[in-house]
Amino acid sequence: EVQLVESGGGLVQAGGSLRLSCAYSGFTFDDYAIGWFRQAPGKEREGLSCISSSDSSTYYADSVKGRFTISSDNAKNTVYLQMNLVKPEDTAVYYCAVSVGGRVGVHMLIHYDGMDYWGKGTLVTVSS
């Protein structure tokens, strides 16, 4: 059974940093991409970043480029999202999701309905 479990959320002050983790298991496929998404109250889900399993290529949405960094540790089956210089508008539930055979890029971040499996999310609250 494919599972993705997010952790690392919490309360952080504006300007601070936070690292989210996405621990995955049960993968029976070798070619995939994992993305980070978020959803703030009353807003649509937003794609933030994604990383490829094959070559670790990455893609970022403009809203987080330069502040957030996605990385992976294949030995630990974990993908991270390092969040720096956080802002109150970063407050949201953060999700990771996997696309089997997916290719990183803007398409993955926009058409998130195409992701195959999702975690349950972790809440990040940024105080001003």
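These numbers come from the heavy atoms of this one structure, side chains and all, not from hydrogens, waters or symmetry mates.
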- Does the side chain of V79 come within less than 4.5 Å of I70's, by heavy atoms? yes
- Message: To the closest 0.5 Å, what do you measure between OG (S52) and CE (M108)?
- Response: 8.5 Å
Which pairs would a plain distance check flag for residues 18-42, meaning a side-chain donor or acceptor within less than 3.5 Å of a matching protein atom at least two apart in sequence or in another chain?
from, atom 1, to, atom 2, distance (Å)
Y24, OH, Y32, OH, 3.2
D31, OD1, R103, NH1, 3.3
D31, OD2, R103, NH1, 3.3
D31, OD2, R103, NH2, 3.1
R38, NE, E46, OE1, 2.8
R38, NH1, D90, OD1, 2.8
R38, NH1, Y94, OH, 2.9
R38, NH2, E46, OE1, 3.3
Q39, OE1, R45, NE, 3.3
Q39, OE1, R45, NH2, 3.3
Q39, NE2, K43, O, 3.1

- Would a hydrophobic clustering, with Ile, Leu, Val, Met, Phe, Trp and Tyr connected at side-chain separations under 4.5 Å, put V64 with L81? yes
- Query: Does one hydrophobic cluster hold both V12 and F68, with members joined at side-chain heavy-atom distances below 4.5 Å?
  - Reply: yes
- Query: Of the non-hydrogen atoms in S127 and L11, which two are nearest, and what is the gap between them?
  - Reply: CB-CD1, 4.2 Å
- From OG1 (T78) to CG (L4), nearest 0.5 Å: 10.5 Å
- Message: To the closest 0.5 Å, what do you measure between OH (Y59) and SG (C50)?
- Response: 8.0 Å
- Shortest non-hydrogen pair, V104 vs I51, comes out as CG1-C, 3.5 Å
For residues 114-121, please give each side-chain donor-acceptor pair under 3.5 Å, one per line with the distance, not counting sequence neighbours.
from, atom 1, to, atom 2, distance (Å)
D116, OD2, V100, N, 2.7

- Query: Does V126 belong to the same Ile/Leu/Val/Met/Phe/Trp/Tyr cluster as L123, with side-chain heavy atoms less than 4.5 Å apart forming each link?
  - Reply: no
- Item | Pairs satisfying salt bridge (charged side-chain N to carboxylate O under 4.0 Å, His left out), at least one member in residues 71-89, at least two apart | none
- Message: Rounded at 0.5 Å granularity, tell me how far OG in S72 sits from CG in N77.
- Response: 10.0 Å
- Message: Just checking Q13: does its CD atom have more than 12 heavy atoms from other residues, nucleotides or ligands closer to it than 6.0 angstrom?
- Response: no
- Message: Let me check something: do Y112 and V93 share a hydrophobic cluster, defined by ILVMFWY side-chain heavy atoms less than 4.5 Å apart, either directly or through other members?
- Response: yes
